[in-house]
Amino acid sequence: MPTLLIHHARLLVTQDDARREIEDGAVFIRDQVIEAVGPSAELPASADEVLDARGLIVLPGLVNTHHHMYQTLTRARAQDCELFDWLRTLYPIWGRMTPEMIRVSTQTAMAELLLSGCTTSSDHLYLYPNGATLEDSLEAAEQIGMRFHAARGAMSVGESAGGLPPDALVESEAAILKDTQRLIERWHDPARHAMRRIVVAPCSPFSVSPALMRESARLARSFGAGHGVSLHTHLAENDKDIAYSRERFGMTPAEYAESLGWTGRDVWHAHCVKLDAPGIGLFARTGTGVAHCPCSNMRLASGIAPIRAMRAAGVPVGLGVDGSASNDGSHLLAEARMALLLQRVAHGPVEGPAALGVRGALDLATRGGAAVLGRDDLGAIAPGMSADLAIFALDDVAQAGAQHDPLAALLLCQPPRTRHTVVNGRFVVRDGELQTLSLPRLVETHNRLARQLDAG
């Protein structure tokens with residue numbers, strides 16, 4: 001049973017129930033699980049591997065609750081579009097993707113996340129052209145070493161049936177359900193500290209039928225509450241999304257979700273920018289989660305999600321960087337910073353439980369994200385938790401003058417890359433360098449494939 005000791009941290013931000021921040025802190029890890037946390041003087045002085053963290057700030061590994069990793073291939077496109085026009089512009093390009101493109105783009109997005117201190121990510125892959133399968137993402141994640149919730153997305157209602165996507169990109173609903181069940185049975189790990197889980201994830205109200213939503217919920221829950229199979233989709237993203245739900249279904253998005261069994265602690269919805277007060281109340285009563293994606297919401301002019309109201313009501317909220325063609329970045333610490341700033345734009349720096357300060361933003365990126373994904377083993381540095389850590393230096397010019405509060409320096413100043421990232425007790429980033437893949441080679445391959453995709 002290998003052991004790892006990280007000690008003498010300038011500041012160890014535990015995010016435990018007491019939200020302890022320990023100066024000269026240490027964490028002792030045995031067999032990929034945290035065994036002890038506290039001041040360095042109170043922990044063992046030796047282990048199989050020891051990292052001296054003097055001058056460094058140690059955080060729990062950050063958790064990303066919503067992404068479309070394939071979109072790293074199409075960054076900085078459709079630059080001035082709102083959501084529906086943006087999708088219509090990009091669907092034909094995405095339809096040319098190959099399995100290799102899915103694998104490489106997944107690793108590119110994950111490399112960027114890992115270098116930002118993110119150790120766990122969901123990814124919503126909802127189109128499978130040219131023989132692509134979810135295995136292309138799953139195998140890519142296993143190679144790079146990221147803890148992964150792979151969402152088997154799907155689109156079944158094409159343009160000819162009143163949906164948004166081209167007919168060529170939709171699948172039959174029977175095939176979707178069959179493949180989703182196959183993936184759960186083959187790949188899903190329900191165990192505590194699991195590195196891989198499968199999520200049932202029809203894409204959105206404007207690309208799947210009510211029948212598929214209903215049957216997807218039944219499928220996920222047929223495995224039992226202890227199996228950890230969760231449900232995910234997009235909801236209430238912008239005004240056109242609301243109009244579509246009202247015209248097509250005669251309901252608000254929240255009412256539509258409730259009618260199909262898409263509420264509960266095993267469900268989380270991306271965006272919810274336009275979630276109304278009754279919807280917030282519904283989500284709070286049922287424990288339904290929200291993936292807040294501030295950069296994407298701004299990029300697509302969708303609006304400002306009512307995160308303060310959600311948090312005040314008790315809705316579980318985590319962060320998502322969203323697709324790298326609507327955010328154009330996958331830096332989760334930067335996303336936390338943007339969440340903080342955007343709520344200030346909307347509501348001002350109001351104090352109280354609903355306000356979003358530095359430590360509240362970190363909550364979204366750690367414990368909040370873990371709760372949204374249904375994980376009680378992530379998001380905090382505490383005994384019994386998974387050994388996922390993000391370790392940052394504050395010695396760059398960008399943090400000069402902010403040394404009195406190291407945590408605030410991370411979230412209010414320009415967010416840095418991580419110095420070390422530990423996933424499942426293993427250094428995936430060490431001294432700022434990705435350990436599992438050659439990053440220069442990955443970027444070179446990714447750019448070649450992006451040019452190939454562009455050329456058609």
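We number each residue from 1, following the sequence as shown. Small disclaimer: the values here were computed from a predicted structure and weren't measured.
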Donor-acceptor pair between Asp48 and Thr3 side chains, under 3.5 angstrom
yes
Between Leu333 and Ser116, what is the shortest heavy-atom contact and its length?
CB-O, 4.0 Å
Ionic contact status for Asp454 with Arg451, cut-off 4.0 Å:
no
Would you please classify the geometry between the Phe84 ring and the Tyr244 ring as parallel, tilted or perpendicular, with 30° and 60° separating the classes?
perpendicular
Is there side-chain contact between Leu73 and Trp94, with at least one heavy-atom pair below 4.5 Å?
no
Could Arg367 and Asp17 be called an ion pair, given the rule that one side-chain N must be under 4.0 Å from one carboxylate O?
yes
Taking the inter-plane angle between the rings of His269 and Phe283 on a 0 to 90° scale, is it parallel (under 30°), tilted (30 to 60°) or perpendicular (over 60°)?
parallel
Between Asn64 and Ser121, do the side chains contain a donor N or O and an acceptor N or O under 3.5 Å apart?
yes
Between Gln15 and Ile381, is the side chain to side chain contact (heavy atoms under 4.5 Å, CB included) condition met? List the steps.
CA-CA 6 Å; Gln15 289 295 97; Ile381 301 174; over 6 Å; no
When every non-hydrogen atom of Ala305 is compared with those of His271, the smallest separation belongs to CB-O, 4.0 Å
Tell me, do Lys274 and Asp241 make a side-chain contact under 4.5 Å, heavy atoms counted?
no
Tell me, yes or no, whether the heavy-atom count around Glu49 atom CD, taken from other residues, nucleotides or ligands under 6.0 Å, exceeds 12.
yes
Hey, mind stepping through Ser204 and Glu237 against side chain to side chain contact (heavy atoms under 4.5 Å, CB included) and telling me if it holds?
CA-CA 10 Å; Ser204 62; Glu237 187 167 352; over 6 Å; no
Do Tyr91 and Met155 come within less than 4.5 Å of each other through their side chains, counting heavy atoms only?
yes
Closest heavy-atom pair, Ser296 versus Asp322, reported as atoms and distance to 0.1 Å, is OG-OD2, 2.6 Å
Is the backbone of Ala325 close enough, under 3.5 Å, to the side chain of Arg299 for a donor and an acceptor to pair up by distance?
yes
Determine whether more than 12 heavy atoms belonging to other residues, nucleotides or ligands lie under 6.0 Å from atom CZ of Arg417.
no
Report the C-alpha separation of Leu62 and Glu335 in whole Å, then their side-chain angles, then the decisive distance to 0.1 Å, and conclude whether the side chain to side chain contact (heavy atoms under 4.5 Å, CB included) test is met.
CA-CA 11 Å; Leu62 309 182; Glu335 202 73 31; over 6 Å; no
Applying salt bridge (Lys or Arg N to Asp or Glu O under 4.0 Å), run through Asp388 and Arg375 and close with a yes or a no.
CA-CA 13 Å; Asp388 292 1; Arg375 300 292 296 251; over 6 Å; no
Ring centres under 6.0 Å, that's the criterion: do His124 and His234 meet it?
yes
Is atom CZ of Arg88 surrounded by more than 12 heavy atoms (other residues, nucleotides or ligands) closer than 6.0 Å?
yes
Any ion pair linking Arg147 and Asp377 (charged N to carboxylate O, less than 4.0 Å)?
no
If you round to the nearest 0.5 Å, how far is CE of Met69 from CE of Met110?
4.0 Å
Ser122 side chain to His66 backbone, donor-acceptor under 3.5 Å
no
Lys/Arg-Asp/Glu bridge criterion (N-O < 4.0 Å) met for Arg186, Glu135:
no
Taking the six-membered ring for Trp and the single ring otherwise, decide whether the centroids of His188 and Phe223 are under 6.0 Å apart.
no
Start with the C-alpha gap between Thr119 and Thr421, add the side-chain angles, then the distance that decides, and say whether side chain to side chain contact (heavy atoms under 4.5 Å, CB included) holds.
CA-CA 7 Å; Thr119 55; Thr421 303; 3.6 Å; yes
